[in-house]
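Below is one structure, written out as structure tokens; comments come after it.
Chain letters run A, B, ... following the sequence lines, proteins first, then strands; residues in each count from 1.
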Protein chains: 2
Amino acid sequence: MNIGKNRKPTIGDVAREAGVSMATVSNVINRRSVPLTADTISKVEQAVQRLGYRRNAMAANLSSRKSNELGLIIPNFGGYYGRFAEELEHQVHGFGYHLSVFSSNGMNPDLERRHMELLLQRRADGLICHGLAMSVDTTRQIVGEGTPLVIFNGWGWPSDVASIAVNLDFPGASAEAVRYLLQQGCRSVFYAADRLAPGANAQREQGFAEGVKRCEARAVGAFGVSDYDGNQIEQAGQIDQIDQIEQIVSAILDVGELGVELFLDQVLQLSDRRSPIGIYAYSDAWALRLLSECHARGLRVPDEIKLIGMDNELFSQASYPAITTFDMPVQRQTHLIACCLLQQLGEELAPEALALLSEARSTAAGGREILLPLTLLPRRSTELSGNAE
Amino acid sequence: MNIGKNRKPTIGDVAREAGVSMATVSNVINRRSVPLTADTISKVEQAVQRLGYRRNAMAANLSSRKSNELGLIIPNFGGYYGRFAEELEHQVHGFGYHLSVFSSNGMNPDLERRHMELLLQRRADGLICHGLAMSVDTTRQIVGEGTPLVIFNGWGWPSDVASIAVNLDFPGASAEAVRYLLQQGCRSVFYAADRLAPGANAQREQGFAEGVKRCEARAVGAFGVSDYDGNQIEQAGQIDQIDQIEQIVSAILDVGELGVELFLDQVLQLSDRRSPIGIYAYSDAWALRLLSECHARGLRVPDEIKLIGMDNELFSQASYPAITTFDMPVQRQTHLIACCLLQQLGEELAPEALALLSEARSTAAGGREILLPLTLLPRRSTELSGNAE
DNA sequence: CTGTTAGCGCGTTCAA
DNA sequence: TTGAACGCGCTAACAG
């Protein structure tokens, strides 16, 4: 069973053992389209079995100039990103690709760089990266040309470095959070930001501000004073129960920096307390911490405070009361990403996949920044009449 | 800057560009120990720069018969396992190794098999696997000999397939959970099992049962009737406040199968309700769900129900009341694993690392199953006088 | 110090 | 169908 000293059996060993040529062995192993005798096949397979042969991927890849490997770089393995990785792995596997997943440990630029360098040295066929901590220039320099790069949840990447970006619509979701909080009776709304978090906080802030502005415009419009913007008014038409709003108190506070206690202090101070306070948090994790702090202070959720999170983590449903949050369309996102990348790699996509892709592209900014909507999942933490706690 | 059509520059191109030989280029790139003229080095480096050369890892690995790659297979990317992966990556990188992480998606045997096969085809230098879903025989057949395999959180692996196992002491922790709950005044204790979970549930069950038995023995011993086991008595000596226990109600119930509602129903039915009920859950996730259900029923935690989880997830601290749980010594575990593996790969370990390793080995069962203790983190959910809720 | 050369294990011709 | 031969890009001896 052993050939030499410690050497693993090669295709040549198998050929000798089976009494055929190396080419034949290769053909059998790779299930080529060349016609092969059933006898030959079984001879080879038996030899493979006897010798315990396993193909050497490095040699195969070197020879065929293709690694069938895709690289994924995410900030961490938890929650959304973890689900993302698992789903994407599944998707690309259907096309014969492997996915190597690396965490940049909270968007550490050095780690990002290192992982990316490794993937390129391994001649990965394609790269999928979270909006990176590295500068555009650095990234451009590293990835150069030749290796397709798809960005997800990253904004403003020039086309010469990333072919496309598939993003979640955090701005839209944030505006929706504001709208929903107001609709549920809040007259003061706050965004619990986390500016150091490895995610799209800026997009959330922008969307939050936008949402506030939009509602104010609508309120003003209802009073016949002026309007903010024709288009905005149109969208504000969705806001049905807040016609009487005169003034909305709103603010963006960095809970990451303040901590939940100081954050809540400021929130309570800024709001007039004559209506429930709405808090939209950067993530479910922050929402949970805030919820806990409310409990500790005897602030009733959702009666006095209404909470919205983001990510639909398992614990947001398991907490008490369950936290309203946004569902992340991980599957749609990974599917689109896989399609984009595989297309660039010259794979044959199914017609429906192509249709989906071109549809998504058509609605994208410049065809290069696809935006996927998030779905609000209303739960107890934002209910109107608080039965909960 | 471009050589041919689409070909990436090779070491040969660099050599030509720099006016030196391929071997010299290789020496410069790999920072060999051979002495090199500063002039030569700069010539090569400039050529590398000009051409945008990047070493081809596949060719290098093929030639050197070493991949510098370690493979890690975990059931999922979340929580403990995610932290584990990141930490291990960090550890092995110090020795020039890369870590490729794969999730088996909740211990799917097919995925495990596929990932393992891939890693072996890539000629990974070593494997680190969570106690696998695959049978021992299957694993033995796949991994064969030649590639060192270290198991973590897996029990009963024969030495011919895995060189060593580095496990967390779930049995010990579970016994400790029982002891602690009783000490905190509980007279009925339950283990909320999850038999389908991709983790060491059996070990927890065993430890729980052991813990109960131990305490009963101690109680009986206190009444001078008989004892369970000399050694057990000795250990039971740690239990200081429960000498008067006459009878402990205890049970193991599969919350994964029952769901939290039915589980709690049964718990309430089985216990006499004259003292707080202690519940030790398979994981923090289950503990949180149970906590939520308690809230919903108006059961006060920790006054009426005391809860212990496992994993020290972020949310267990952020929930209300904060959940008592066990801290996982991720760093110690990954460090030991890295040391074991690197030693087998012939790397030079630091003396202190070697000392640590041999010490851990000496206390291990047969020297091949290292057991790492978990630390209980007492929090509000098990406090004596319940201020919380 | 530097250059030459022979593999590493496999894929892919192209005649036979 | 098969077999021999070349190339993938690099490393490792050894020879200068």
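- The NZ atom of B/Lys8 lies 13.5 Å from the CG atom of B/Leu51; values are rounded to the nearest 0.5 Å.
- Taking only side-chain atoms of A/Ala59, from C-beta outward, the nucleotide of D/dC10, C/dG11, C/dC10 with the closest atom is C/dC10.
- The nearest whole Å value for the distance from the CD1 atom in B/Ile29 to the P atom in D/dT11 is 7 Å.
- With rounding to whole Å, A/Arg122 atom CZ is found 17 Å from D/dG9 atom C1'.
- The distance from atom CG of B/Asn61 to atom C1' of D/dA12 is 15 Å, rounded to the nearest whole Å.
- Here the straight-line distance linking atom CD of A/Glu86 with atom CZ of B/Phe77 works out to 6.0 Å at 0.5 Å rounding.
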request  = Evaluate side-chain contact (heavy atoms from CB on, under 4.5 Å) for A/Arg123 paired with A/Asn61, printing each intermediate quantity in order.
outcome  = CA-CA 9 Å; A/Arg123 299 296 188 263; A/Asn61 295 345; over 6 Å; no
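- Taking atom CD on B/Gln121 and atom P on C/dG11, their separation rounds to 10 Å, with Å as the unit.
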When you compare the protein's N or O atoms with those of nucleotides 1-5 of chain C, which come within less than 3.5 Å of each other, and at what distance?
from  : atom 1 : to      : atom 2 : distance (Å)
C/dC1 : O3'    : B/Thr37 : OG1    : 3.1
C/dT2 : OP1    : B/Thr37 : OG1    : 2.9
C/dT2 : OP1    : B/Thr40 : OG1    : 2.5
C/dT2 : OP2    : B/Thr40 : OG1    : 3.2
C/dG3 : OP2    : B/Ser21 : N      : 2.7
C/dG3 : OP2    : B/Ser21 : OG     : 3.4
C/dG3 : OP2    : B/Thr24 : OG1    : 3.2

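- Taking only side-chain nitrogens and oxygens, B/Ser26 comes nearer than 4.0 Å to OP1 or OP2 of D/dT11.
- When rounded to the nearest whole Å, the span between CG of B/Asn68 and C1' of D/dT11 equals 13 Å.
- Considering only side-chain N and O atoms, A/Arg65 lies nowhere under 4.0 angstrom from the phosphate OP1 or OP2 of D/dG7.
- Under the side chain to side chain contact (heavy atoms under 4.5 Å, CB included) criterion, A/Arg361 pairs with A/Ile164, A/Cys340, A/Gln343, A/Leu357, A/Ile370, not counting sequence neighbours.
- A/Asn56 has its CG atom 18 Å from the P atom of C/dG7, to the nearest Å.
- Evaluation of the side-chain hydrogen bond (donor to acceptor under 3.5 Å, both in side chains) rule for A/Gln141 yields no partner, not counting sequence neighbours.
- A side-chain donor-acceptor contact under 3.5 Å links A/Arg54 to the backbone of B/Ile142.
- Across the protein-nucleic acid pair, B/Arg16 atom CZ and D/dG9 atom P stand 12 Å apart, rounded to whole Å.
- At C/dC8, none of the side-chain N or O atoms of B/Arg123 fall inside 4.0 Å of OP1 or OP2 (strictly under the cut-off).
- In this structure, A/His115 NE2 and A/Asn105 CG are separated by 7.5 Å, a value rounded to the nearest 0.5 Å.
- Proximity note for A/Ser63 (side chain, C-beta onward) versus D/dG9, D/dG7, D/dT11: the nearest is D/dG7.
- As a whole-Å value, the separation of B/Leu62 CG from D/dG7 P is 17 Å.
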